[in-house]
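Positions are given from 1, in the same order as the sequence printed here.
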Amino acid sequence: WFHRPATTAPAVAYNLEVSPPDGESLYQDAASGIQAISPDGRTLAFIAGSKGARHIWLRPLDSPVARALAGTELADGIFWSPDGRHLGFMAGNKLHRIDLATGAVKEICDGGSSLRGASWNAAGAILFGKVGGPLQRVPADGGTPVPASALGKTESNQMFPQFLPDGKQFLYW
């Protein structure tokens, strides 16, 4: 019995093509990201629309069926909460979040114009970038954004932040 090999879970590989739902087109003009994989790697969030309206869609990677998320009209960038229970998104000049279990949408803050990317850490902070300024930090529950950094001498923007695994340090473009 002590020579029995250890059991391991089989690796799951996905080989798939993601097409928009019938009558929809993938949104390609978003300045802040049009797709994002959930933290557990099982669900794809993407932006698609038709006739001037667009929504965030969720598609489990083990299913060919996607569903639109009500309340995400005019989404222009998406990002996941670390626990995968919420999606953050930009619409207009505001940051929002949607609870995936209830569908409740909450405005997080007014981000100003030209939002460019966001990242959410396990401590409940969201970093976001915008044209013409430093990164901003806001609580995921909402509040007033505050600078998270200062522009360097040669920088005119800080955009597309990404928290590193420790949730404290981050990269940006």
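- Taken to the nearest 0.5 Å, the CG atom of D62 stands 8.0 Å off from the CZ atom of R42.
- Here ring-ring contact (aromatic ring centres under 6.0 Å, His included) pairs that include residues 129-156, with residues two or more places apart or in two chains, number zero.
- Residues L58 and L69 meet the side-chain proximity criterion, which asks for heavy atoms closer than 4.5 Å.
- Counting only residues at least two apart or on different chains, the side-chain hydrogen bond (donor to acceptor under 3.5 Å, both in side chains) pairs with a member in residues 133-148 are R97-D141.
- Residues meeting the side-chain hydrogen bond (donor to acceptor under 3.5 Å, both in side chains) test with S38, sequence neighbours left out: D40.
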Please test I126 against I108 for side-chain contact (heavy atoms from CB on, under 4.5 Å), starting from the C-alpha separation and ending with a verdict.
CA-CA 10 Å; I126 294 175; I108 297 170; 3.6 Å; yes
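- Under the 3.5 Å distance criterion, the side-chain polar atoms of D99 are left unmatched by any main-chain donor or acceptor of G103.
- Residues meeting the side-chain hydrogen bond (donor to acceptor under 3.5 Å, both in side chains) test with H55, sequence neighbours left out: E73.
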Trace of the side-chain contact (heavy atoms from CB on, under 4.5 Å) decision for V138 with V146
CA-CA 7 Å; V138 66; V146 296; over 6 Å; no
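- Each salt bridge (charged side-chain N to carboxylate O under 4.0 Å, His left out) pair with one or both residues in residues 148-163, not counting sequence neighbours, would appear here, but there are none.
- Atom-to-atom distance recorded for C109:SG and N93:CG is 10.5 Å, nearest 0.5 angstrom.
- In this structure, the side-chain contact (heavy atoms from CB on, under 4.5 Å) partners of P82, at least two apart in sequence or on a different chain, are W120, A122.
- In this structure, the salt bridge (charged side-chain N to carboxylate O under 4.0 Å, His left out) partners of K94, at least two apart in sequence or on a different chain, are E107, D110.
- Under the 4.5 Å side-chain heavy-atom criterion for Ile, Leu, Val, Met, Phe, Trp and Tyr, W173 and L151 are members of distinct hydrophobic clusters.
- Note that CD1 of I56 is 11.0 Å distant from CZ of F46, once rounded to the nearest 0.5 Å.
- Looking only at side-chain heavy atoms (C-beta outward), F160 and L171 stay at 4.5 Å or farther from each other.
- The line from OG1 of T72 to CG of L87 is 9.0 Å long, rounded to the nearest 0.5 Å.
- No donor-acceptor pair closer than 3.5 Å links the side chain of N157 to the backbone N or O of M159.
- Remark: S149 pairs with Q158 by the side-chain hydrogen bond (donor to acceptor under 3.5 Å, both in side chains) rule, at least two apart or across chains.
- Here the shortest heavy-atom pairing between S81 and P39 reads O-CG, 3.3 Å.
- Judged purely by atom type and a 3.5 angstrom limit, R67 has no side-chain atom pairing as donor or acceptor with the backbone of R59.
- Put simply, CG on D76 and CG on L115 are 8.0 Å apart, with the number rounded to the nearest 0.5 Å.
- Under the rule for a salt bridge (charged side-chain N to carboxylate O under 4.0 Å, His left out), the partners of R85 that lie at least two apart in sequence or sit in another chain are D83.
- In the hydrophobic clustering, where aliphatic and aromatic side chains (Ile, Leu, Val, Met, Phe, Trp, Tyr) are joined below 4.5 Å either directly or transitively, F170 groups with L127, L135, F163, Y172.
- The backbone N or O of V131 sits nowhere less than 3.5 Å from a side-chain atom of S114 that would complete a donor-acceptor pair.
- The shortest non-hydrogen separation linking A48 to W57 is O-NE1, 3.5 Å.
- Side-chain contacts under 4.5 Å among hydrophobic residues (ILVMFWY), followed directly or transitively, place L74 with no other residue at all.
- To the nearest 0.5 Å, atom CD1 of residue I78 and atom CD1 of residue I47 are 5.0 Å apart.
- For residues 162-171, the pairs satisfying side-chain hydrogen bond (donor to acceptor under 3.5 Å, both in side chains) are D166-Q169, with sequence neighbours left out.
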